[in-house]
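First the structure, in the form of structure tokens, and then the observations on it.
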There are 2 protein chains.
Amino acid sequence: MTATPPPAAQENTEENWLRLDSQICFSLHAASRAFNGVYRVILKELGLTYPQYLVLLVLWEHGELPVKKLGEHLRLDSGTLSPLLKRLESAGLVRRERSSRDERSVEIRLTEEGTALRRRALRVPRRIVAATGFGLDEIQELREHLDQLTSALDAAALEGAPEHD
Amino acid sequence: MTATPPPAAQENTEENWLRLDSQICFSLHAASRAFNGVYRVILKELGLTYPQYLVLLVLWEHGELPVKKLGEHLRLDSGTLSPLLKRLESAGLVRRERSSRDERSVEIRLTEEGTALRRRALRVPRRIVAATGFGLDEIQELREHLDQLTSALDAAALEGAPEHD
DNA sequence: AGCCATTTAGTTGTGCACAACTGAGTTGTG
DNA sequence: CACAACTCAGTTGTGCACAACTAAATGGCT
């Protein structure tokens, strides 16, 4: 029962596609979580989670931003960012202030403490890269593939799921 | 203020490392979520989430398994799996039964319905691969890089964070 | 047998991702 | 001006990831 009839290795069966899918699924899922795990360990010293670190990276680079812009940089919506930013605020790293020019929007800006944290964060990337065991060029190459993947997937996602074969 | 002093492009400064880090961070994080998003859309028709699909992939391939083994395949612990499996059970796709040989362990096995769902799931991978816009060999290559990354990161994570420079 | 370390699931609590919704503020149009 | 459409942040609810813990069962040891 549950047969899984012998799928004859290299044949182009749906069975084999499913097997391949499980492999790439697992790989990406696992890589993402492994990456997350290494950051978790390292960022713990800074009192940050990985997504919080991503937010700070954007703020360190761009200075003050409304929540909307922050979300565009990170592809995250207010449902994720609002509570995260509150936590960063209560940690004393950012302030949230209603824009006076547009009362709908909230400007996120770094506090002194948030700005200062950048100094300590400078030591993070080197350790991450070391943990991957990859060279810089390998990382760049992987990054390009991932970006390619992301834009292809984003484009496909926009079409909902209207096609089937 | 917040200077970000001109980091002179290709120099090996911490500034540049941080910039690179933000790039690879964003890329992997975004790729993972984009992938997740495409699966979300497609799996919705099957009434599954992405992690639930991963669990079923393992069960379809290996048949009945204790929670522990399932967790090893997926690198997930009982804190994640227990509630997930309960949801799969109440969806009628799996059953959870205490092993009689070892009362500590719980065997997860597919119901008729869970087994039958495989037929419908066979159409998923083809659509995913199509969505990536990648060829099979590119996918395999990417997968190998990701696996390499994962094992390097896992190894590094085991050492906690004892080293710095 | 009694005791202790280990193994296995499960629970609790925190944080993120995302869909669906709310509500205030803004803009366009008649 | 009035009103509809839209924008933006926030809230709610569901599900996953993971750390820390609990509780029961097992196996080794004396």
Side-chain angles (χ1 to χ4, degrees), chain A residues 25 28-41 43-44 47-55 65-72 74-91 94-108 154 157 160, chain B residues 25 28-41 43-44 47-55 65-72 74-91 94-108 154 157 160:
Chain A
C25 271
L28 188 61
H29 203 64
S32 170
R33 281 166 36 236
F35 226 81
N36 210 307
V38 171
Y39 273 104
R40 188 192 319 280
V41 171
L43 292 175
K44 197 171 185 179
L48 295 174
T49 67
Y50 183 49
Q52 288 167 6
Y53 174 66
L54 294 179
V55 166
L65 284 174
V67 174
K68 184 74 192 311
K69 290 289 180 189
L70 204 49
E72 285 170 7
L74 298 167
R75 294 167 188 268
L76 290 173
D77 66 8
S78 66
T80 300
L81 287 175
S82 289
L84 187 157
L85 291 169
K86 279 191 177 178
R87 281 186 285 271
L88 283 181
E89 185 177 44
S90 60
V94 305
R95 273 175 306 166
R96 292 154 58 241
E97 297 170 357
R98 285 276 160 196
S99 161
S100 50
R101 307 185 342 105
D102 184 343
E103 290 280 335
R104 289 170 304 181
S105 100
V106 170
E107 296 286 332
I108 307 299
D154 278 353
Chain B
C25 271
L28 187 62
H29 204 64
S32 169
R33 281 167 35 238
F35 225 79
N36 211 307
V38 171
Y39 272 104
R40 188 193 319 281
V41 171
L43 291 176
K44 198 172 183 178
L48 295 175
T49 66
Y50 183 49
Q52 287 166 8
Y53 174 66
L54 294 180
V55 166
L65 284 174
V67 174
K68 184 73 194 311
K69 289 290 181 190
L70 205 47
E72 285 170 9
L74 297 167
R75 292 165 189 269
L76 290 173
D77 66 8
S78 66
T80 300
L81 286 175
S82 288
L84 189 157
L85 291 169
K86 279 191 178 180
R87 282 186 284 271
L88 283 181
E89 184 178 43
S90 61
V94 306
R95 273 175 306 168
R96 293 155 57 241
E97 298 169 358
R98 285 279 160 194
S99 161
S100 51
R101 306 184 342 105
D102 184 344
E103 290 279 336
R104 290 171 304 181
S105 101
V106 169
E107 296 286 331
I108 308 299
D154 278 352

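Since we're looking at a predicted model, the values are computed, not measured. Each chain gets a letter, A, B and so on, in the order its sequence line appears, and its residues count up from 1.
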Just jot down the salt bridge (Lys or Arg N to Asp or Glu O under 4.0 Å) partners of A:R98, sequence neighbours excluded, or say none.
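A:R98 satisfies salt bridge (Lys or Arg N to Asp or Glu O under 4.0 Å) with no residue once adjacent residues are dropped.
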Got a sec, which residues hit salt bridge (Lys or Arg N to Asp or Glu O under 4.0 Å) with A:E89, two or more places apart in sequence or on another chain?
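Scan of A:E89 (salt bridge (Lys or Arg N to Asp or Glu O under 4.0 Å), adjacent residues dropped) gives A:R96.
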What is the distance, to the nearest angstrom, from the [atom1] atom on [X] to the [atom2] atom on [N]?
X	N	atom1	atom2	result
A:D77	D:dG13	CG	C1'	14 Å
B:L76	D:dA17	CG	P	5 Å
A:F35	D:dA17	CZ	P	18 Å
B:L54	D:dA17	CG	C1'	13 Å
B:R101	D:dT26	CZ	P	11 Å

Mind checking what makes side-chain contact (heavy atoms from CB on, under 4.5 Å) contact with B:D77, not counting sequence neighbours?
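With neighbours one apart ignored, the set is B:T80.
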Residues that B:K68 engages under side-chain contact (heavy atoms from CB on, under 4.5 Å), provided they are two or more places apart:
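In terms of side-chain contact (heavy atoms from CB on, under 4.5 Å), with neighbours along the sequence ignored, B:K68 is linked to B:E72.
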Take nucleotides 1-10 of chain D nucleotide by nucleotide from the 5' end and write B, S or -, depending on whether a protein heavy atom sits under 4.0 Å from the base, only from the sugar-phosphate, or from neither.
------BSBB
Complementary nucleotide for D:dA5 - Watson-Crick or wobble, under 3.5 Å:
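Partner of D:dA5: C:dT26.
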Report the distance from atom CG of B:L85 to atom CD1 of B:I108, rounding to the nearest 0.5 Å.
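Going from the CG atom of B:L85 to the CD1 atom of B:I108 covers 4.5 Å.
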Name every donor-acceptor pair, under 3.5 Å, that has one atom in a side chain of residues 33-40 of chain A and the other anywhere in the protein, sequence neighbours excluded.
| residue | atom | partner | partner atom | Å |
| --- | --- | --- | --- | --- |
| A:R33 | NH2 | B:L74 | O | 3.4 |
| A:R33 | NH2 | B:R75 | O | 2.3 |
| A:Y39 | OH | B:D21 | OD1 | 2.4 |
| A:Y39 | OH | B:D21 | OD2 | 3.3 |

